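So the structure is just underneath, and the comments pick up after that.
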Amino acid sequence: SLGLVGSEMCIRDSLSPEPPPPPAEDFLVGQWTFNGVEALVDKTGNWGEIELKGARFVDGQLDLGPGKLALAADYTGPEIREKTLVAWVRMQNLDVRAGGPLGISHPARDQFDAICWAERVPNRWMPGSTGFWRPQDIMKFDETVLSPELLQIAISYSDNDEDGQVEVSLFRNGEFLGSYEKGAIPTWVEGEAQALFGPRAYNGNNPSGAIDALVDEARIYNAALTQTNIKELSPVPNAPAPDEYLVGHWTFNSGEELTDSTGNWADIELKGATVVDGQLDLSPGKYAVAKDYDGPEIAEKTLVAWVRMQ
């Protein structure tokens, strides 16, 4: 733009673009993928391992239902004030109500926020919170989607006016369903937060409500993500089963003592070693070799053996 300063003419650059906001990953304080050996683990390292209370893992998903819940305690991350809860779910029964796939709760007092399923209105998602301090019913249509179809549900909590009042926004599959301002925005700090899976609240070891769903992934951000942020999120794919990478497998069991069950190697040549009761007996001068590999290329690899030392 052009402007006069005294008797001089100057050109001022007012069209420089503002720097882009930090990526959503910068605000990630809880991420559970429920995959493989990491099924119990928060990938950000801010929470203790998940404690299963009837819930179980099924094909890289957390299976929730009545009497089937889980929680992660011992939060050690940064303060959570503005936040976003995100979960990818496959609903199994729409009639199980008043719980949710993800919530955040104080371990010692009645303070929680949760993605809540059908607590007040059947077949609708809503923000759940302590004593209905923060919820309003803003979803205007009934949910009908059942497993195997995947839903992304997200709720953001912001203090845009910096007046201590929370603005709550609800999203389904990245689409904005509505928002409202109601109640004070709570704060969650180290040692005073637990992540809930199944109930909307968990006070005095008493779960409130349930949801019948498979949860593919759940995340907590300590910022109110925008709709664009939320649309861009996607769950981490399930890790392939270890068997998909198996290129050599010897059990030494009767009938297949010398055989690689993957078919990639020729039969074992015993060079002093013997097979005893389904085990390969090795010692000085007693060994075995399998040759003629014809499987896929091996670069990265893992070697595994179960042994009994003699």
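Since the model is a prediction, treat every value here as computed from it, not as a measurement. Because only heavy atoms are used, hydrogens play no part in the values below, and waters and symmetry mates are left out as well, while side chains stay in.
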Student check: side-chain heavy atoms of F171 and S156 closer than 4.5 Å: yes
When rounded to the nearest 0.5 Å, the distance separating OG of S208 from CG of N203 is 6.0 Å
Should Y157 and L28 be counted in the same cluster of Ile, Leu, Val, Met, Phe, Trp and Tyr side chains packed under 4.5 Å apart? no
Same cluster or not: W250 versus L258, using hydrophobic residues (I, L, V, M, F, W, Y) connected whenever any side-chain heavy atoms lie under 4.5 Å apart? yes
Flag the pair L40 / L52 as yes when at least one side-chain heavy-atom distance between them is below 4.5 Å, and no otherwise. yes
Intermediate values then yes/no, side chain to side chain contact (heavy atoms under 4.5 Å, CB included), D260 and H249: CA-CA 5 Å; D260 160 41; H249 185 201; 4.2 Å; yes
Any salt bridge between E119 and R200, counting N to O under 4.0 Å? yes
Derivation of the salt bridge (Lys or Arg N to Asp or Glu O under 4.0 Å) call for K43 and E38: CA-CA 8 Å; K43 294 177 72 69; E38 298 181 327; 3.1 Å; yes
Non-neighbouring partners of Y221 that pass side-chain hydrogen bond (donor to acceptor under 3.5 Å, both in side chains), sequence neighbours left out: R219
Rounding to 0.5 Å, atoms CD1 (I155) and CD1 (I115) come to a distance of 5.0 Å
Quick one, P127 and D113 - any side-chain contact, counting heavy atoms below 4.5 Å? no
Any side-chain heavy-atom pair from D137 and R124 closer than 4.5 angstrom? no
If the plane angle is over 60° it's perpendicular, under 30° parallel, otherwise tilted; pick one for F197 and F34. perpendicular
Establish, from distance only, whether the side-chain atoms of D74 and Q194 form a donor-acceptor pair under 3.5 Å. no
Has the side chain of T226 got a donor or acceptor atom that lies under 3.5 Å from a matching backbone atom of N229? yes
Non-hydrogen side-chain atoms of L62 and W32 separated by less than 4.5 Å: no
Between N46 (side chain) and V29 (backbone), is there a donor-acceptor pair under 3.5 Å? yes
Going through the checks in order, is the side chain to side chain contact (heavy atoms under 4.5 Å, CB included) test met by E49 and V41? CA-CA 5 Å; E49 286 194 353; V41 177; 4.1 Å; yes
Is it possible for you to say whether W117 and Y202 belong to one hydrophobic cluster, with membership spreading through side-chain heavy-atom contacts below 4.5 Å? no
Tell me whether Y180 shares a hydrophobic cluster with M139, the cluster being built from Ile, Leu, Val, Met, Phe, Trp, Tyr side chains joined at under 4.5 Å. yes
Would you say S105 and Q111 are linked by a side-chain donor-acceptor pair, where the criterion is simply a distance under 3.5 Å? no
Close side-chain approach of I104 to I80, heavy-atom, < 4.5 Å: yes
Between E79 and R81, does the salt bridge (Lys or Arg N to Asp or Glu O under 4.0 Å) criterion hold? Intermediate values first, please. CA-CA 6 Å; E79 177 183 278; R81 189 170 179 270; 5.5 Å; no
With a 4.5 Å limit on heavy-atom distance, are the side chains of D163 and E181 in contact? yes
Heavy-atom closest pair (G198 atom, L69 atom, distance to 0.1 Å) is CA-CB, 4.5 Å
Do the side chain of N264 and the main chain of Y293 share a donor and acceptor less than 3.5 angstrom apart? no
What closest approach, in Å, do L85 and G103 show between heavy atoms, and which atom pair accounts for it? CD1-CA, 4.5 Å
Less than 4.5 Å apart, side chain to side chain, heavy atoms only: is that true for Y287 and V289? yes
Could you report the tightest heavy-atom contact between G100 and L64, atom names first, then the distance? O-CD1, 4.3 Å
Counting distance only, does the side-chain N/O of R90 pair as donor-acceptor with the main-chain N or O of L214 below 3.5 Å? no
Start with the C-alpha distance between W88 and V215, add both sets of side-chain angles, then the distance that settles side chain to side chain contact (heavy atoms under 4.5 Å, CB included), and finish with yes or no. CA-CA 6 Å; W88 286 266; V215 185; 6.0 Å; no
A266 backbone acceptor or donor facing D292 side chain under 3.5 Å: no
How long is the span from the CG atom in D212 to the OG atom in S147, to the nearest 0.5 Å? 10.0 Å
How long is the span from the CD1 atom in I153 to the CH2 atom in W125, to the nearest 0.5 Å? 5.0 Å
All heavy atoms of K83 vs all of P186, minimum pair found to be NZ-CG, 4.2 Å
The test is side-chain hydrogen bond (donor to acceptor under 3.5 Å, both in side chains); show your working for E143 and N123 and say whether it passes. CA-CA 5 Å; E143 183 66 83; N123 300 321; over 6 Å; no
Under 6.0 Å from the CG atom of D59, do we count more than 12 heavy atoms belonging to anything else shown? no
When every non-hydrogen atom of W188 is compared with those of F112, the smallest separation belongs to CH2-CA, 3.6 Å
Got a second to check how far R97's CZ is from R120's CZ, nearest 0.5 Å? 11.5 Å
E162 vs N160, test: side chain to side chain contact (heavy atoms under 4.5 Å, CB included). Steps then yes/no. CA-CA 6 Å; E162 298 184 354; N160 290 330; over 6 Å; no
Hydrophobic clustering (ILVMFWY, side-chain heavy atoms < 4.5 Å, transitive) - are L102 and L233 grouped together? no
Which value, rounded to the nearest 0.5 Å, describes the distance between L280 atom CG and K286 atom NZ? 9.0 Å
Regarding K182 and E167, does a basic nitrogen lie under 4.0 Å from an acidic carboxylate oxygen? no
Applying side-chain hydrogen bond (donor to acceptor under 3.5 Å, both in side chains) to E257 and not counting sequence neighbours gives none
Distance alone, cut at 3.5 Å: any donor-acceptor contact between the side chains of D281 and Q310? yes
If you apply the rule side-chain hydrogen bond (donor to acceptor under 3.5 Å, both in side chains), what do you find for Q152 with R172, and how did you get there? CA-CA 6 Å; Q152 182 213 57; R172 177 187 180 274; over 6 Å; no
E256 and S261: CA distance, side-chain angles, deciding distance, side-chain hydrogen bond (donor to acceptor under 3.5 Å, both in side chains) verdict: CA-CA 8 Å; E256 53 183 25; S261 63; over 6 Å; no
Closest non-hydrogen atom pair between I50 and A72, with its separation: CG1-CB, 4.3 Å
